[in-house]
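Letters A, B, ... mirror the listed sequences (proteins, then strands); counts begin at 1.
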Protein chains: 2
Amino acid sequence: MEKLKILVVDDESRMRKLVKDFLVRKNYDVIEAENGEQAIDLFFSKKDIDLIILDVMMPKLDGWQVCREIRQYSKVPIIMLTAKSDEKDELLGFDLGVDEYISKPFSPKILVARVEAVLRRSTVTEEDSMEVGGILLDKSAHQVKIDGQEIDLSFKEFELLTYFVTNQGVALSREKILNNVWNYDYFGDARTIDTHVKKLRSKMGPKGDFIKTIWGLGYKFEVDA
Amino acid sequence: MEKLKILVVDDESRMRKLVKDFLVRKNYDVIEAENGEQAIDLFFSKKDIDLIILDVMMPKLDGWQVCREIRQYSKVPIIMLTAKSDEKDELLGFDLGVDEYISKPFSPKILVARVEAVLRRSTVTEEDSMEVGGILLDKSAHQVKIDGQEIDLSFKEFELLTYFVTNQGVALSREKILNNVWNYDYFGDARTIDTHVKKLRSKMGPKGDFIKTIWGLGYKFEVDA
DNA sequence: ACATATTATCATGGAACTATGACGAAATTG
DNA sequence: CAATTTCGTCATAGTTCCATGATAATATGT
């Protein structure tokens, strides 16, 4: 396996060196940034950074701001370094999508353990994809593959299929579908579902038959035996 | 929707507080227990706990034992917290009916994600089904199986059979059937029930005989001895 | 056994529902 | 702001289902 790239962001060079040393010893590739702006630049210029270790306290752009910025475009794992183990900070961080949290001073053992834990987690694809009967639904990428073949779905079609798949085997009334796939304030014709179902079925080829019509009730997604 | 109740069991109060904080922020109702016995007491005294988060390592009654105990009486979702990610522990856990598994140290993000995943699963599996004499009625899927064989019923037929099955052993007049299976505003011929009963009987094969005619009164669903 | 009341069965027309294609409105993109 | 895609609506055609009424079969009481 190739070396994993870790971006270490801290204004103190001593701290950067410390962290880097331990990580390099564990065979990671370490890139340094000495402030928030540089971190963001580096992250978006190098497209293959696997983890960011981010100091909270930095002049100008602090860690939270950097995190917020990056989270708008990426789900890269982020570990925050902070001096005070203030709980409110932690809560804020997790809201921003911080994956882990290390308070200074920390032992190298803790550092390496957290890094490895986060990396282990991030490589395991979490709940954002499902596979049913040869239909692979990638929620984060908003993309569907059928038997390995990517198919193009519009936004609504994707949402509708997602709803079907997450409720497989359950009979769904049109009303229920409207309330869950459409917004609650949508009071249009329930027949519009028919149209979307039609398109879905045709785009899904043979597997379109997995969407069954339940006469007088609605639809049901079910994989044939 | 009402708040879901989560029981958090750990001997370390620090850990309980940590878990509780994040769950409370996600609008769950959290109850704490500091050992296995207390957990079991609480679970069986409060009858409406939706999920249990259980530390493995606890003095006296450990997590496995608590899990085993509770599983004898309940299918409540259980998430195990464990320090060592020893694989044997995991396997043991899944044998006991553990739904998820989180190894320490974990991030709250992971915690919340797992909790939500487990809850989603467990509510989807709301078994709206009944089984009588080899007839399996799955309301949520709007589907009927007889001796494992799926049979196609129309909407009315399904409703009628459901009504029969939920009132098994009870003699039902046509009037009663009309009022319950048909809409209130239906004032047509009660003879239409005969037709539906006929179809049901024929579609149900030998088990169609479970629908008995009560001469001069109506029908009754009853499983033969 | 007979007359009568009730239920079973069948065929059928119509009602209710769904599928489909086309079109214009709305949103998105360049 | 033009081009493109997506979305909701509608009309039409196609399908399934259901109520009805007629007739056959069965049960009940005398």
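- The backbone N or O of A/D55 lies less than 3.5 Å from no partner atom in the side chain of A/D10, so there is not a single donor-acceptor pair.
- Counting non-hydrogen atoms under 4.0 angstrom, B/T192 reaches a base of the nucleic acid.
- Counting non-hydrogen atoms of other residues, nucleotides and ligands closer than 6.0 Å to NZ of B/K207 gives a total above 12.
- Within the helix from C/dA1-D/dT30 to C/dG30-D/dC1, the inter-axis angle between the opening and closing five-pair segments is 40°, rounded to 10°.
- Residues forming a side chain to side chain contact (heavy atoms under 4.5 Å, CB included) with A/Q38 (at least two apart in sequence, or on another chain): A/A33, A/E34, A/N35, A/L42.
- Here D/dA11 presents its C1' atom at 14 Å from CG of A/D194, a figure rounded to the nearest Å.
- Atom CD of B/E175 has 12 or fewer neighbouring heavy atoms from other residues, nucleotides or ligands inside a 6.0 Å radius.
- What separates CG of B/D152 from P of D/dT15 is a distance of 17 Å, to the nearest Å.
- Counting non-hydrogen atoms under 4.0 angstrom, B/Y219 reaches the backbone sugars and phosphates but no base.
- The side chain to side chain contact (heavy atoms under 4.5 Å, CB included) test with A/K5 singles out one residue from A/I52, A/V30, A/I31, and that residue is A/I31.
- Contacts between residues 199-211 of chain B and DNA chain D, defined by a heavy-atom separation under 4.0 Å, are absent.
- With salt bridges taken as basic N to acidic carboxylate O contacts below 4.0 Å, none links A/K145 and A/D138.
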Where along nucleotides 21-30 of chain D does protein come under 4.0 Å, by heavy atom, of base (B) or sugar-phosphate alone (S), with - for untouched nucleotides? ------SS--
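- Residue A/E157 is the one, among A/E157 and B/F155, whose nearest nucleotide of DNA chain D lies closer to the 5' end (criterion: closest heavy atom).
- Contact between the side-chain N/O atoms of B/W182 and the OP1/OP2 oxygens of D/dC18 is not found at any separation under 4.0 Å.
- Taking a 4.0 Å limit (strictly below) on heavy-atom distances, residues 163-173 of chain B does not reach DNA chain D anywhere.
- Under 3.5 Å, the side chains of A/R174 and A/T192 contain no donor-acceptor pair of N or O atoms.
- As a whole-Å value, the separation of B/L153 CG from D/dT16 P is 16 Å.
- Nucleic acid contact for A/K198: base, since at least one base atom lies under 4.0 Å from a heavy atom of the residue.
- Note on B/H196: every side-chain N or O is 4.0 Å or more away from OP1 and OP2 of D/dC17.
- Residue B/H196 holds its NE2 atom at 10.0 Å from NZ of B/K203, rounded to the nearest 0.5 Å.
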Do any N or O atoms of the protein come closer than 3.5 Å to N or O atoms of nucleotides 25-30 of chain C, and which pairs are they?
none

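- Of the possible donor and acceptor atoms, none in the side chain of A/R114 sits under 3.5 Å from a partner among the backbone N and O of A/I79.
- Salt bridge status for A/R16 with A/D11: absent, with no side-chain N to carboxylate O gap under 4.0 Å.
- Within the nucleic acid shown, B/I214 comes within 4.0 Å of sugar-phosphate atoms alone, with no base atom in reach, counting heavy atoms only.
- The side chain of B/S154 approaches D/dC17 more closely than any other nucleotide in the set D/dC17, C/dT20, C/dT7.
- Between B/D21 and B/K17, at least one side-chain N (NZ, or NE/NH1/NH2) sits under 4.0 Å from a carboxylate O, which counts as a salt bridge.
- Among the heavy atoms of the strands lying under 4.0 Å from B/L217 are primed sugar atoms or P, OP1, OP2 only; no base atom is included.
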Step-by-step side-chain contact (heavy atoms from CB on, under 4.5 Å) determination, B/L51 to B/V115: CA-CA 8 Å; B/L51 171 72; B/V115 165; 3.6 Å; yes
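- The side chain of B/T213 has C/dT7 as its nearest neighbour among C/dT7, D/dC7, D/dA19.
- Counting to the nearest Å, the P atom of D/dC17 and the CG atom of B/L160 are 15 Å from each other.
- Checking side-chain atoms of A/R71 against main-chain N and O of A/V76 turns up a donor-acceptor pair under 3.5 Å.
- For B/K156 and C/dA16, the NZ to P distance is 11 Å, given to the nearest whole Å.
- Remark: P of D/dC7 and CD1 of A/I193 are 14 Å apart, rounded to the nearest angstrom.
- In this structure, B/K220 contributes its side chain and B/I214 its backbone to no donor-acceptor pair below 3.5 Å.
- Side-chain N or O atoms of B/T162 include one that pairs as donor or acceptor with a backbone N or O of B/F158 at under 3.5 Å.
- Using a 30° and 60° split on the angle between ring planes, B/F164 and B/F221 fall in the parallel class, below 30°.
- Put simply, the side chain of B/E159 never gets that close to the backbone of B/K156: no donor and acceptor are under 3.5 Å apart.
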